[in-house]
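Sending over a structure as structure tokens; questions will come in a sec.
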Amino acid sequence: MIRDVLLMGDPRLLERSRELDRMDTPELASLLEDLRDAMRAQNGAGLDAPPLGGGLRVLIFVVWRHPRYPGVD
């Protein structure tokens with residue numbers, strides 16, 4: 001299931017995200033998978049955790065050419 005992305009104006013986006021304590025937790029693994037799936041579904045080039053209600057300071061982004069941003073190499 002792909003999570004809905006919170007939109008600007010949602011009060012949850014104003015909450016302070018938590019720093020990561022560990023990189024090897026099931027919570028982080030699940031969040032990274034959800035971020036990847038949501039980013040791909042939105043044809044995005046990057047996504048951070050707060051718009052998914054993740055609550056952690058995590059960001060993913062694409063490092064290859066992206067059709068949404070032609071001419072950026």
Side-chain angles (χ1 to χ4, degrees):
M1 178 179 88
I2 296 173
R3 291 196 211 180
D4 291 331
V5 175
L6 302 178
L7 302 177
M8 193 163 33
D10 190 302
R12 292 173 287 181
L13 294 175
L14 299 175
E15 295 173 6
R16 185 175 175 92
S17 299
R18 298 185 325 268
E19 293 182 18
L20 292 175
D21 292 328
R22 294 178 49 193
M23 297 290 288
D24 60 345
T25 65
E27 176 188 20
L28 180 58
S30 177
L31 177 59
L32 291 172
E33 187 175 321
D34 290 350
L35 283 167
R36 184 199 64 215
D37 293 346
M39 183 183 71
R40 286 181 177 163
Q42 297 286 326
N43 194 28
L47 184 62
D48 58 350
L52 292 188
L56 292 172
R57 291 184 193 172
V58 176
L59 167 73
I60 64 168
F61 58 93
V62 220
V63 293
W64 58 87
R65 289 185 183 200
H66 192 281
R68 192 166 168 186
Y69 302 100
V72 177
D73 293 323

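What you are looking at is a predicted structure, and each value in this text was computed from that prediction instead of being measured.
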Item to complete: Decide if atom CZ of Arg12 counts as having more than 12 heavy atoms of other residues, nucleotides or ligands within a radius under 6.0 Å.
Response: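 Counting other residues, nucleotides and ligands, CZ of Arg12 stays at 12 neighbours or fewer.
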Fill in: Considering all heavy atoms, the nearest Arg3-Ala38 contact
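Looks like O-CB, 4.3 Å.
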Discussion item. Please find the pair of heavy atoms, one from Arg22 and one from Leu28, that lie closest to each other, and give the distance.
Written reply: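 Taking every non-hydrogen atom into account, O-CD2, 4.1 Å.
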Practice prompt. May I ask you to test the Asp48-Val58 pair for a side-chain heavy-atom distance under 4.5 Å?
Written response: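 No. Closest side-chain heavy atoms not under 4.5 Å.
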Worksheet item: Between Leu52 and Val5, is a side-chain contact (heavy atoms from CB on, under 4.5 Å) present by the stated rule, with each step listed?
Response: CA-CA 5 Å; Leu52 292 188; Val5 175; 4.0 Å; yes
Worksheet item: Rounded to the nearest 0.5 Å, how far does CD of Glu19 lie from CG of Asp21?
Response: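 The CD atom of Glu19 is 8.0 Å from CG of Asp21, to the nearest 0.5 Å.
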Worksheet item: Taking all non-hydrogen atoms of both residues, which atom of Leu6 and which atom of Pro50 are closest, and how far apart?
Response: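 Reported closest heavy-atom pair: CD1-O, 3.6 Å.
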Practice prompt. Treat each ILVMFWY residue as a node, draw an edge where side-chain heavy atoms are under 4.5 Å apart, and state whether Leu35 and Met23 are in one component.
Written response: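 Yes, Leu35 connects to Met23 through the hydrophobic network.
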Worksheet item: Is the number of heavy atoms from other residues, nucleotides or ligands within 6.0 Å of CG (Asn43) greater than 12?
Response: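 Counting neighbours around CG of Asn43, more than 12 heavy atoms of other residues, nucleotides or ligands fall under 6.0 Å, so yes.
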Discussion item. Could you go through Glu27 and Leu20, starting from their C-alpha distance and side-chain angles, then the distance that decides it, and tell me whether this counts as side-chain contact (heavy atoms from CB on, under 4.5 Å)?
Written reply: CA-CA 11 Å; Glu27 176 188 20; Leu20 292 175; over 6 Å; no
Worksheet item: Do Met39 and Ile2 sit in the same hydrophobic cluster, where Ile, Leu, Val, Met, Phe, Trp and Tyr count as joined when their side-chain heavy atoms come under 4.5 Å apart?
Response: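 Shared cluster, no.
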Worksheet item: Once you round to the nearest 0.5 Å, how far does CD1 of Ile60 lie from CZ of Arg40?
Response: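 So the gap between those two atoms works out to 8.0 Å.
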